[in-house]
*Asks:* 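Here you go, one structure.
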2 protein chains.
Amino acid sequence: MGSRFDAGAAIGGVLYKDVKHAILAALAEGEWKPGEAIPPERKLIERFGVSIGTLRKAIDELVAENIMIRHQGRGTFVATHRQEDHFFRFFRIVRQDGYREFPTVQLAKFRRAKADKEEAAALGLPLGEAVFRFTNVLSLEGRAVMIDAITVPAERFRTLTEKLLRERPNTLYNFYQDVFGINIIRTEERLRATLADEEDHELLGIPVGTAMLKILRVASSYQNERVEYRVSRLDTSDYEFALSQP
Amino acid sequence: MGSRFDAGAAIGGVLYKDVKHAILAALAEGEWKPGEAIPPERKLIERFGVSIGTLRKAIDELVAENIMIRHQGRGTFVATHRQEDHFFRFFRIVRQDGYREFPTVQLAKFRRAKADKEEAAALGLPLGEAVFRFTNVLSLEGRAVMIDAITVPAERFRTLTEKLLRERPNTLYNFYQDVFGINIIRTEERLRATLADEEDHELLGIPVGTAMLKILRVASSYQNERVEYRVSRLDTSDYEFALSQP
DNA sequence: TTACATTTGTTCGTATGTATA
DNA sequence: TTATACATACGAACAAATGTA
C-alpha cells in the first residue's frame with residue numbers, strides 16, 4: 001500500500017515517521033509557505049488521526065532539521081531564510097576575531113549555459129542540460145573578499161533573469177523561496193586550498209598566487225533535490241570559514 | 001537553592017534540563033565511563049524522582065549531542081571514540097572522490113613548553129602556563145598529507161610522555177579517554193588557506209609555496225572545558241575537508 | 001491594565017511493541 | 001522461553017507565552 005495518509009511518501013511501520021513525511025509532502029506541494037504558520041497541533045491531530053505525543057514527535061524532528069520553528073503561544077512556522085540565524089547557518093564566513101557581518105553582494109556575471117561535467121555531477125543532471133551560471137562578488141566591511149560562482153538548473157529556475165537577480169531585495173536563498181518556491185534546507189560542502197588566478201586578481205584586487213580557500217557547495221531542497229552548485233573562493237587574510245560541532 | 005539534585009549544575013525551572021545536567025555532572029565525575037552502560041531508565045527515574053517521559057527527554061538531548069548512544073534491548077551507553085562513526089565525526093578529511101579512509105599517524109615532535117599567546121587564548125589558560133606540544137604527521141593511502149600541531153594543557157595531561165603517545169593503541173581522542181578521562185564531545189574549527197613553508201616541505205615532501213588548507217581546532221570536554229588546541233595543515237591536491245549541514 | 005482565549009511547553013502516567021541476552 | 005531494556009503510541013493536566021478584546 002504505502003502511507004496511511006494521502007500525501008505520498010511513507011514507509012509504514014512507524015506512525016510518527018509517516019506523519020513527518022506527510023507534513024513534508026504537504027510542504028513540498030506548497031500547502032504551507034515559508035514564514036506561514038501551519039495549523040495548530042489540535043487541528044493536525046484531527047487531520048492525521050494521531051495523538052498529541054505522536055504529532056509532537058514528528059514535528060520535533062522537523063524542528064531539529066531546521067525545517068520548522070515553534071513559538072510557544074504563537075504557533076509552528078515554516079522556516080524562512082529571512083531570520084538572521086538562518087542566514088548565518090549557511091553563511092559561515094567570519095572575521096578572524098569572530099565578528100560576524102552581513103555581506104554586500106554585487107552581481108558580476110550572468111549567462112545561460114549547458115552543464116559541464118562537474119556541474120552535471122553535482123546537480124544530478126544530464127551532461128549539457130540547460131543551466132544558469134552567475135557570479136557574485138561579496139564584500140565585508142566594504143572590501144571584496146569572496147567570489148561565488150553559482151550554477152542552478154534552468155528547468156527549476158525557468159523565469160530567472162539577470163535583472164531579477166540584480167534587483168532582489170534580500171538574501172539569495174530567500175529569493176529562491178519567494179520567486180521559485182525552492183527552500184534550501186541542507187548543504188554539503190567540501191573545502192580545499194588553491195592559488196588566486198587572474199579572475200581573483202581582477203575581482204578582488206589580490207595578487208595572482210595568493211592562497212585562497214575554495215569551497216564547493218551543493219545545496220538541496222526538501223526531498224534532497226539538488227538545486228544549486230556553488231564554488232566559492234575566499235581571501236582568508238582577514239576572514240575565515242567557521243564551524244562548530246555539534 | 002540551585003538544583004533539586006545533589007550533583008551540581010542546574011538552572012531550576014525546567015525539570016528535564018535539571019536531570020540532563022545532573023547526568024552530565026555524574027558523567028564528568030566519572031561515575032560512568034565511556035563505553036559503559038548507564039543504569040536502565042527504571043532505575044534512573046527512581047533516582048531522580050521523575051517520570052519516564054521526563055527522563056527520556058533529558059537523555060534524548062544527550063543522545064542528540066552524541067554524548068550517549070541508545071540501543072534498544074541493550075541499554076544506554078556513554079559514547080566512545082572507538083566507534084568508526086564517532087571517529088569520522090571529528091576526522092573530516094576525505095579523498096576528493098568521497099572515499100573515507102583511516103589515517104596512519106606518525107609522531108614527529110614532542111616537547112613541554114609554555115603557552116604562547118595564541119595557545120593561551122584558545123585554551124583559556126594564563127599566558128606562559130605549562131603545556132605539551134606535539135606534532136603528528138598523518139598519511140592516507142601511504143602518503144603523508146597532513147600535519148597536526150597539537151597543544152594540550154600540562155595540568156590536565158599530567159602523565160603524558162612521548163613514549164605513551166608513540167605507543168598508544170588507538171585513536172588520539174580514545175587515548176585521551178582511556179588515560180586521562182577526557183572525553184572530547186565538541187569542537188570548534190576555523191579554516192583558512194595558506195602557503196606551504198619549510199616544515200611542510202620537510203614533513204610532506206611538497207614544494208614550498210603549495211596552497212594548503214589550515215584548520216584551527218579547539219576541542220572541548222563535557223563542561224565546555226577546552227582541552228586541546230590543534231593547528232592542522234592539509235595538502236588538498238588529492239584530499240579535502242568535507243562537511244554536511246545539517 | 002486586566003481578563004481571556006489560543007497555542008505550544010512540560011510533566012505525569014499507562015499500555016503495548018520490538019530488540020537483546 | 002523468559003526477562004530486561006528501550007521504542008512507540010496514547011492521552012490527561014497544568015504551565016508559560018502570546019495576542020486581543
Side-chain angles (χ1 to χ4, degrees), chain A residues 3-5 10-24 26-27 32 35-80 83 85, chain B residues 1 3-5 10-24 26-27 31-32 35-80 83 85:
Chain A
S3 171
R4 68 201 81 178
F5 311 118
I11 308 94
V14 184
L15 191 48
Y16 80 87
K17 290 275 185 192
D18 287 355
V19 174
K20 177 185 170 187
H21 288 119
I23 294 173
L24 268 176
L27 229 39
W32 311 302
E36 287 181 10
I38 68 172
E41 295 173 341
R42 212 183 61 252
K43 298 271 184 189
L44 290 174
I45 66 180
E46 277 175 34
R47 168 164 170 178
F48 296 121
V50 299
S51 74
I52 179 68
T54 302
L55 176 76
R56 296 200 108 249
K57 191 155 183 178
I59 297 183
D60 280 349
E61 291 202 352
L62 295 168
V63 169
E65 292 165 24
N66 294 297
I67 294 171
M68 306 236 223
I69 299 174
R70 281 198 275 226
H71 293 289
Q72 187 175 355
R74 294 211 287 136
T76 302
F77 299 78
V78 183
T80 311
Q83 298 106 1
D85 293 358
Chain B
M1 286 275 317
S3 170
R4 69 202 81 180
F5 310 119
I11 307 94
V14 184
L15 191 49
Y16 79 87
K17 291 275 184 191
D18 288 353
V19 174
K20 178 186 169 186
H21 288 119
I23 293 175
L24 268 176
L27 228 39
E31 181 169 347
W32 311 302
E36 288 181 10
I38 68 172
E41 295 173 339
R42 214 184 59 252
K43 299 269 184 190
L44 290 176
I45 67 179
E46 277 175 33
R47 168 163 172 178
F48 295 121
V50 298
S51 75
I52 178 70
T54 302
L55 177 77
R56 295 200 109 250
K57 195 158 180 175
I59 298 184
D60 279 348
E61 292 202 351
L62 295 168
V63 170
E65 291 165 25
N66 294 297
I67 294 171
M68 305 237 219
I69 299 175
R70 282 198 274 229
H71 293 289
Q72 187 174 354
R74 294 211 285 137
T76 302
F77 299 79
V78 183
T80 312
Q83 298 106 2
D85 293 359

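Because the structure is predicted, anything quoted here is derived from the model rather than measured. Just so we're on the same page: letters track the sequence lines, and every chain starts at 1.
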*Asks:* Provide, to the nearest angstrom, the distance between the CD1 atom belonging to A:I45 and the C1' atom belonging to D:dG11.
*Replies:*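 The distance from CD1 of A:I45 to C1' of D:dG11 comes to 9 Å, rounded to the nearest Å.
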
*Asks:* For A:E41 and D:dG11, what is the distance between atoms CD and P respectively, to the nearest whole Å?
*Replies:*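 Rounded to the whole Å, the gap is 14 Å.
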
*Asks:* I want to check one thing: is the phosphate of C:dG9, taken as OP1 and OP2, less than 4.0 Å away from some side-chain N or O of A:R70?
*Replies:*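 Affirmative; the distance criterion is met.
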
*Asks:* Regarding A:G53, tell me which of base, sugar-phosphate or nothing describes its non-hydrogen contacts under 4.0 Å with the strands shown.
*Replies:*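 Nothing, no nucleic acid heavy atom in range.
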
*Asks:* Give a yes/no answer on whether the side chain of A:T54 brings an N or O atom under 4.0 Å of OP1 or OP2 in D:dC10.
*Replies:*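 Yes, A:T54 has a side-chain N/O under 4.0 Å of OP1/OP2 on D:dC10.
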
*Asks:* Where the side chain of B:L15 is defined as all heavy atoms beyond and including C-beta, which of C:dT8, C:dT20, C:dC12 is the nearest nucleotide?
*Replies:*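 Shortest atom-to-atom distance from the side chain points to C:dC12.
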
*Asks:* Once you round it to whole Å, what is the distance between C1' of D:dC10 and OH of A:Y16?
*Replies:*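 Value for this atom pair: 16 Å.
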
*Asks:* Show, in sequence, the C-alpha distance, side-chain angles and deciding distance for B:R47 and B:E41, and conclude whether the salt bridge (Lys or Arg N to Asp or Glu O under 4.0 Å) test is met.
*Replies:* CA-CA 10 Å; B:R47 168 163 172 178; B:E41 295 173 339; over 6 Å; no

*Asks:* Quickly work out the B:D60 CG to D:dT8 C1' distance and round it to whole Å.
*Replies:*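 Those two atoms, CG and C1', are 12 Å apart.
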
*Asks:* Measuring to OP1 and OP2 of C:dT7, would you say a side-chain N or O of A:R42 lies under 4.0 angstrom away?
*Replies:*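 Answer yes for this pair, as a side-chain N or O of A:R42 is under 4.0 Å from OP1 or OP2.
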
*Asks:* Between A:T80 and A:G35 (side chain of the first, backbone of the second, donor and acceptor by atom type, cut-off under 3.5 Å), is there such a pair?
*Replies:*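 Yes; at least one donor-acceptor contact below 3.5 Å.
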
*Asks:* Take atom CG of A:L44 and atom C1' of C:dT7, then tell me their distance rounded to the nearest Å.
*Replies:*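 Result: 12 Å.
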
*Asks:* Toward the 5' end of DNA chain D, which comes first, A:S51 or B:G73, by nearest nucleotide?
*Replies:*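 Counting from the 5' end, the first nearest nucleotide belongs to B:G73.
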
*Asks:* About how many Å separate NZ of B:K20 and CG of B:D60, when rounded to the nearest 0.5 Å?
*Replies:*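 B:D60 CG to B:K20 NZ: 10.5 Å, rounded to 0.5 Å.
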
*Asks:* C:dT10 P sits how many Å from B:K17 NZ, rounded?
*Replies:*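 My rounded result for the distance is 8 Å.
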
*Asks:* Answer yes or no: side-chain N or O of A:Q72 and base N or O of D:dA16 forming a donor-acceptor pair under 3.5 Å.
*Replies:*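 Yes.
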
*Asks:* So, OP1 or OP2 of D:dA5: does either fall under 4.0 Å of a side-chain N or O from B:T76?
*Replies:*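 For D:dA5, neither OP1 nor OP2 has a side-chain N or O of B:T76 closer than 4.0 Å.
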
*Asks:* What is the distance, rounded to the nearest whole Å, between atom CD1 of A:I52 and atom C1' of D:dA12?
*Replies:*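 Spelled out: CD1 on A:I52 to C1' on D:dA12 is 11 Å.
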
*Asks:* Just so I know, are the side chains of B:I23 and B:F48 near enough to count as touching, which here means a heavy-atom distance under 4.5 Å?
*Replies:*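 Yes; the side chains approach each other to less than 4.5 Å.
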
*Asks:* Respond yes when some side-chain nitrogen or oxygen of A:K57 is under 4.0 Å from OP1 or OP2 of D:dA9, and no when none is.
*Replies:*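 For D:dA9, OP1/OP2 do not have a side-chain N/O of A:K57 under 4.0 Å.
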
*Asks:* From the options C:dT10, C:dT20, C:dT8, select the nucleotide whose nearest atom is closest to the side chain of A:P40.
*Replies:*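 Nearest to the side-chain atoms of A:P40, counting from C-beta on, is C:dT8.
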
*Asks:* Tell me the interatomic distance from A:R56, atom CZ, to D:dC10, atom C1', rounded to whole angstroms.
*Replies:*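 My rounded result for the distance is 15 Å.
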
*Asks:* For residues A:Y16 and A:V14, determine if any side-chain heavy atom of one lies less than 4.5 Å from a side-chain heavy atom of the other.
*Replies:*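 Of all side-chain heavy-atom pairs linking A:V14 with A:Y16, at least one is under 4.5 Å.
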
